[in-house]
Amino acid sequence: MDLILNRMDYLQVGVTSQKTMKLIPASRHRATQKVVIGDHDGVVMCFGMKKGEAAAVFKTLPGPKIARLELGGVINTPQEKIFIAAASEIRGFTKRGKQFLSFETNLTESIKAMHISGSDLFLSASYIYNHYCDCKDQHYYLSGDKINDVICLPVERLSRITPVLACQDRVLRVLQGSDVMYAVEVPGPPTVLALHNGNGGNQDFIFHKSTMCFNSDSGEDLLFGTSDGKLALIQITTSKPVRKWEIQNEKKRGGILCIDSFDIVGDGVKDLLVGRDDGMVEVYSFDNANEPVLRFDQMLSESVTSIQGGCVGKDSYDEIVVSTYSGWVTGLTTEPIHKESGPGEELKINQEMQNKISSLRNELEHLQYKVLQERENYQQSSQSSKAKSAVPSFGINDKFTLNKDDASYSLILEVQTAIDNVLIQSDVPIDLLDVDKNSAVVSFSSCDSESNDNFLLATYRCQADTTRLELKIRSIEGQYGTLQAYVTPRIQPKTCQVRQYHIKPLSLHQRTHFIDHDRKGEGVFKSDNISTISILKDVLSKEATKRKINLNISYEINEVSVKHTLKLIHPKLEYQLLLAKKVQLIDALKELQIHEGNTNFLIPEYHCILEEADHLQEEYKKQPAHLERLYGMITDLFIDKFKFKGTNVKTKVPLLLEILDSYDQNALISFFDAA
């Protein structure tokens with residue numbers, strides 16, 4: 001990773017949504033470009049840089065929250081027209097700010113995603129997709145799950161209209177008219193779609209590291225990013241999908257919110273620019289085999305909502321321009337900070353810097369004076385009998401997602417201003433796990449779970465500049481309820497917002513897409529784990545009784561499945577037992593080392609434990625009660641196996657726990673069989 005980029009903060013607007021910032025095409029190659037951005041205040045702002053300062057080209061009046069911003073125009077001409085989606089309306093502006101379009105779609109839901117292609121407009125609300133041509137309704141589709149993004153393959157290259165929907169149920173739906181041509185299951189919930197190379201991957205040729213090679217791609221290449229941080233390329237043909245490559249999220253980074261293609265490396269091949277919800281910006285280049293290779297990454301302090309490659313700060317210096325959740329527009333530029341210059345030039349640069357610092361100080365003093373003045377006015381008016389109380393509003397960007405790799409949930413809370421504290425409350429038993437990125441101090445309060453179903457009360461006190469908090473939570477399958485987060489920011493007067501998250505009965509399961517649609521009025525549930533079937537039976541019976549629904553449940557148990565489930569648990573249980581054993585030995589071994597002065601007399605296994613002591617203790621600390629959870633799973637499996645036979649074996653649980661303490665897989669399986 002030899003790419004060096006320097007950060008430049010340009011300006012701050014209001015809170016921004018995903019994909020609401022674009023760079024307007026320049027009149028000549030590598031000339032400075034204008035930036036256009038829309039925010040939650042409903043303001044569209046276009047600005048350019050003049051003498052190192054952001055200068056507004058135009059700025060609209062406030063209005064409904066802007067959910068998407070796209071550039072459009074006549075096909076095969078510069079895409080300079082600005083289109084925004086706000087509530088159920090589409091508005092269009094020229095690059096000078098003159099409004100030329102106001103189209104009310106009459107959708108019952110607010111628009112969440114938009115794509116423009118010539119005179120074709122592709123929109124999606126939460127579950128509804130619409131296609132308009134010249135503002136006339138053409139096609140419609142109702143999705144079975146939430147639509148996160150919409151795109152259309154380039155019609156100028158394919159001579160056909162092929163919209164693609166990114167849906168929350170881990171599926172890309174490829175449409176033809178109002179029908180699904182086919183669906184593509186992907187490895188995580190897709191959050192963003194982008195055309196590869198910005199045009200579907202169709203180039204006459206590409207020049208790569210002194211090698212001229214022809215690219216036969218047909219404009220069907222589509223990039224997608226997922227909420228669990230995976231990035232992949234897929235070819236959307238007329239008959240079936242062709243998977244090309246996939247990047248796993250091995251470093252456990254945030255979900256992907258935005259993608260762009262731009263040659264920031266300068267080797268003649270467009271690179272992939274990726275923005276994530278944990279603030280990470282990444283650049284991927286392509287090797288000789290057209291496989292992506294990470295060339296650059298940089299962490300920003302908040303989620304990246306839009307990313308574009310271009311030239312904004314200075315002519316001839318390419319850069320990556322990003323917008324963040326709280327509205328910052330930031331450039332990562334190839335322009336070097338320190339330049340070689342003569343004595344006169346150095347004096348000039350220093351003088352310019354001093355002038356800029358002086359100007360910023362004056363502006364800061366003016367703002368501080370205004371804040372102080374307004375605070376005094378507020379205090380005086382609040383004492384008046386005619387005063388009206390007003391709660392200050394603030395935006396929260398939250399996400400509650402399952403991490404299937406470690407069977408935990410990630411709760412991300414992001415606020416447009418600094419967070420003071422977050423109170424977590426749950427009416428079901430859950431564990432809070434350590435997160436490396438989290439610098440907040442947590443404290444726990446005692447709960448009375450018997451009288452008021454309150455199993456957890458925890459408070460996270462944040463540092464002064466924290467705007468984003470990430471928590472990891474592990475639930476117990478079969479125990480379902482509600483998790484609540486009370487978020488209090490550092491604003492006056494004090495105010496708080498509450499967010500609720502439902503913990504489902506099968507909270508650690510995810511959707512499958514292989515379903516027999518010919519069955520009517522019945523559901524068939526299959527699982528390797530009897531406990532899963534037991535949870536489903538209990539929940540369905542409880543809900544049917546509550547709603548006075550007649551429900552007939554029959555079940556068929558395969559004895560072999562119990563051994564199979566125990567064998568699936570075996571590697572995890574064995575690893576956790578060994579880890580716990582090693583951690584227990586660390587203090588004794590360290591005491592021996594201090595007493596004897598050396599460790600030459602120890603066997604190699606104990607030597608290894610001492611050398612890896614810090615790593616072992618850190619790993620053990622990250623997974624509190626994990627061993628107890630595995631014990632609980634095996635205990636539930638034992639009870640559920642015999643529950644379906646009408647036998648209560650709870651009196652034999654202590655004997656089962658004794659066998660687990662001196663764990664042997666064969667002895668455990670024999671106990672299950674003998675009982």
Query raised in the report: Distance-only, no hydrogens or angles: does the E302 side chain make a donor-acceptor pair with backbone N or O of T467 under 3.5 Å?
Result: no

Query raised in the report: If only atom types and distance count, is the side chain of R295 paired as donor or acceptor with the main-chain N or O of V265 below 3.5 Å?
Result: no

Query raised in the report: Hey, does L231 have a side-chain heavy atom less than 4.5 Å from the side chain of P292?
Result: no

**Report entry** S17 and H40 side chains, donor-acceptor separation under 3.5 Å
**Finding:** yes

**Report entry** Check: V43 main-chain N/O paired with D41 side-chain donor or acceptor under 3.5 Å
**Finding:** no

Query - SB check K230 E246 (cutoff 4.0 Å) - result: no

Query raised in the report: Roughly how far, to the nearest 0.5 Å, is the CD atom of E80 from the CZ atom of R96?
Result: 9.5 Å

Query raised in the report: Does one side chain, of S326 or Q416, offer a donor that lies under 3.5 Å from an acceptor on the other?
Result: no

Query - Ring geometry between H139 and H131 (parallel below 30°, tilted from 30 to 60°, perpendicular above 60°) - result: parallel

Query raised in the report: Between T105 (side chain) and S88 (backbone), is there a donor-acceptor pair under 3.5 Å?
Result: yes

Query raised in the report: Are T305 and S323 linked by a side-chain donor-acceptor pair shorter than 3.5 Å?
Result: yes

Requested in this report: State, without any angle test, whether D145 and S143 hold a side-chain donor-acceptor pair at a distance under 3.5 Å.
Outcome: no

Query raised in the report: Is there side-chain contact between L273 and I259, with at least one heavy-atom pair below 4.5 Å?
Result: no

Report task. Go through the steps for R468 and D277 under the test salt bridge (charged side-chain N to carboxylate O under 4.0 Å, His left out), then give the verdict. Result -> CA-CA 10 Å; R468 186 180 185 276; D277 65 16; 3.6 Å; yes

**Report entry** Test side chain to side chain contact (heavy atoms under 4.5 Å, CB included) applied to S410 - qualifying residues, sequence neighbours left out
**Finding:** T401, N403, I412, E470

Query raised in the report: Does the gap between the ring centers of H115 and Y132 come in under 6.0 Å?
Result: no

Query raised in the report: Between D263 and K270, is there a side-chain N and carboxylate O pair less than 4.0 Å apart?
Result: no

Query raised in the report: Is the side chain of R68 donor-acceptor paired with the backbone N or O of Q18 at a distance under 3.5 Å, no angle test?
Result: yes

Query - Ionic contact status for R253 with D297, cut-off 4.0 Å - result: yes

Query raised in the report: Centroid-to-centroid, Y409 to F400, below 6.0 Å?
Result: yes

Query raised in the report: Side chain of D134, backbone of K136: donor and acceptor closer than 3.5 Å?
Result: no

Report task. May I have the step-by-step check of salt bridge (charged side-chain N to carboxylate O under 4.0 Å, His left out) for K112 and D149, ending in yes or no? Result -> CA-CA 8 Å; K112 297 292 193 300; D149 204 3; over 6 Å; no

Report task. For the pair F122 and Y129, name the ring-plane relationship: parallel under 30°, tilted 30 to 60°, perpendicular over 60°. Result -> parallel

Query - Test applied, side-chain contact (heavy atoms from CB on, under 4.5 Å); reference residue, L195; option that passes from I151, D221, L223 - result: I151

Query raised in the report: Regarding Y501 and D398, is there a side-chain donor-to-acceptor distance under 3.5 Å anywhere?
Result: yes

Report task. Could you verify whether a donor N or O on one side chain and an acceptor N or O on the other, from T162 and R160, lie under 3.5 Å apart? Result -> yes

Query raised in the report: Which residues pass the side chain to side chain contact (heavy atoms under 4.5 Å, CB included) test with E109, sequence neighbours left out?
Result: A125, S126, Y127, I128

